[in-house]
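Each chain gets a letter, A, B and so on, in the order its sequence line appears, and its residues count up from 1.
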2 protein chains.
Amino acid sequence: MEPVALPWGPPREERADAARNRAHLIGVAREMVAELGACNVTMDALAERAGLGKGTVFRRFGTRAGIFHAVLDEEEALFQHRVMTGPAPLGPGAPAAERLAAFGRARLEFLAAHLALARASLDVARPVPGQSPSLFHVRMLLAEACPDDALTGTLALQLVAALEGPVLLYLQRQDEGPLVVDDLITSWQVLVERLTAR
Amino acid sequence: MEPVALPWGPPREERADAARNRAHLIGVAREMVAELGACNVTMDALAERAGLGKGTVFRRFGTRAGIFHAVLDEEEALFQHRVMTGPAPLGPGAPAAERLAAFGRARLEFLAAHLALARASLDVARPVPGQSPSLFHVRMLLAEACPDDALTGTLALQLVAALEGPVLLYLQRQDEGPLVVDDLITSWQVLVERLTAR
DNA sequence: GACTCAAGCGGGGTACAGTCCATTTAGAGA
DNA sequence: TCTCTAAATGGACTGTACCCCGCTTGAGTC
């Protein structure tokens, strides 16, 4: 029997040049976002400034939202790191309910700090980060805080939506940001307290 | 002193032909959505099928999302009517906490029934229905159920996001719909119960 | 080093959202 | 009925996301 290359299995990783271009594109995109604002960055301009073809940009990132998602992902990794290994109560060590409250605060601050990017990385046509780290983390904490609840899954979905939705969808303008975000943090704490109270 | 036409004040209402065209466009759009699915309806095709110029379509509705929003609004009005004047607990007469739970159930069923349209009427670029009726209603019920809470405003925002976000943003595909929606309804009830419990 | 071929690349082409403005028309007042 | 003007209209035009496909190249294999 011959060793067939199975169509599933770990997809071979990116070729070196492709990886290089990806990194370069993300860097250029970040520059352009800082310079022009996310909503003024066009794919043509990005490709040109990166010295690459448009086709390459789309092959790497699939979609306009995809690029911004990739840029944001680098920040997101730092955030995740704080959550997984940083000091309590955001990091491990505190009771689940407290971690949940701390997570909400940190997440709201994170989103507010990267508002334009976060919005630009939304793609309503093909939605759902599906297994977004936030969802995963909230689900875990919720299961720990309310071990006897069924439906932790959908409840976690609703909590994440409560956390991210107002900023991503409902909050009008960036400039009215800070005040509202503070209020959102406070009411998130109320929400979590009552939800996890015995 | 002469009677100046003040730039504010009630904006003069639509001319008769404009109103006729708006109604006609909404009708044609509804047909096309039923026939092709919202995401396959283009503004060019809509204008052509309605026998009107493209400029007219955009003048009336501003944006692609605007049309779907207008189509959905007609259904939404029926929904609002049930909420405002229908039988309890969705309509008036029941305690606020119960009305909140009933509202969530009804809203989720409504969104599930009009999923494609609801998604198409989202506009991430210019977000916020600002004073959406749902937000208004949840805020009112919440203030009634928890009269001594401060921050009812942002909490209501978070609740609406918890209600609509999962369906609009996170839920993957239409076909996995019914089951998940049932679970969402149940966990919404848990959420409201705990939130309004003394 | 030479061969091979899937992965990657470029950039012209397409489709569609949204703008502009010259022309038409509703409808209020005289 | 006539006049006048703000509102409405149509459709050519523009900008941009995304597709397509022939050419190039990285990186395994001998």
Check the distance between [N]'s [atom2] and [X]'s [atom1] and give it to me in whole angstrom.
X: A/Leu52; N: D/dT24; atom1: CG; atom2: C1'; result: 14 Å
X: B/Glu13; N: C/dA26; atom1: CD; atom2: P; result: 17 Å
X: A/Phe61; N: C/dC9; atom1: CZ; atom2: C1'; result: 14 Å
X: B/Arg22; N: D/dA7; atom1: CZ; atom2: P; result: 15 Å
X: B/Glu14; N: D/dA6; atom1: CD; atom2: P; result: 19 Å
X: A/Leu46; N: C/dC9; atom1: CG; atom2: C1'; result: 15 Å
X: A/Asn21; N: C/dG8; atom1: CG; atom2: P; result: 10 Å
X: B/Asp44; N: D/dG15; atom1: CG; atom2: P; result: 17 Å

Q | side-chain contact (heavy atoms from CB on, under 4.5 Å) between B/Leu159 and B/Trp188, intermediate numbers included | A | CA-CA 9 Å; B/Leu159 281 184; B/Trp188 168 261; 4.1 Å; yes
Residue [X], side-chain heavy atoms: nucleotide from [options] that is nearest:
X: A/Phe58; options: C/dG18, D/dC18, C/dG8; result: D/dC18
X: A/Arg60; options: C/dC9, D/dT9, D/dC18; result: C/dC9
X: A/Lys54; options: D/dC18, C/dG8, C/dT25; result: D/dC18
X: A/Arg59; options: C/dA17, C/dA7, C/dG27; result: C/dA7

Q. Taking atom types as they are modelled, is there a donor-acceptor pair under 3.5 Å from the base of D/dA8 to the side chain of B/Arg15?
A.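 Checked by distance alone, the answer is no.
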(Q) Under 4.0 Å, counting only non-hydrogen atoms across every strand here, what does B/Thr42 touch: a base, just sugar-phosphate, or nothing? (A)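 Counting heavy atoms under 4.0 Å across all strands, the contact made by B/Thr42 is with sugar-phosphate only.
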(Q) Looking at C/dG8, I'd like to know if its phosphate oxygens (OP1 or OP2) sit under 4.0 Å from a side-chain N or O belonging to A/Thr56. (A)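 No, because none of the side-chain N or O atoms of A/Thr56 sits under 4.0 Å from OP1 or OP2 of C/dG8.
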**Q.** Distance test, side-chain N/O of B/Arg20 to OP1/OP2 of C/dA26, below 4.0 Å
**A.**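 No, outside the criterion.
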Q | Pairwise distance CG(B/Leu78) to CD(B/Glu75) - rounded to 0.5 angstrom | A |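 Result: 6.5 Å between the selected atoms.
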Q | Pairwise side-chain contact, A/Phe110 with A/Glu76, heavy-atom cut-off 4.5 Å (strictly under) | A |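 Touching, per the 4.5 Å side-chain cut-off.
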**Q.** Donor-acceptor pair, side chain of B/Arg64 and main chain of B/Ala120, under 3.5 angstrom
**A.**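 The answer is no, because no donor-acceptor pair under 3.5 Å joins these two groups.
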**Q.** Verdict with supporting geometry, A/Arg107 and A/Phe79, side-chain contact (heavy atoms from CB on, under 4.5 Å)
**A.** CA-CA 8 Å; A/Arg107 188 73 190 158; A/Phe79 178 76; 3.5 Å; yes
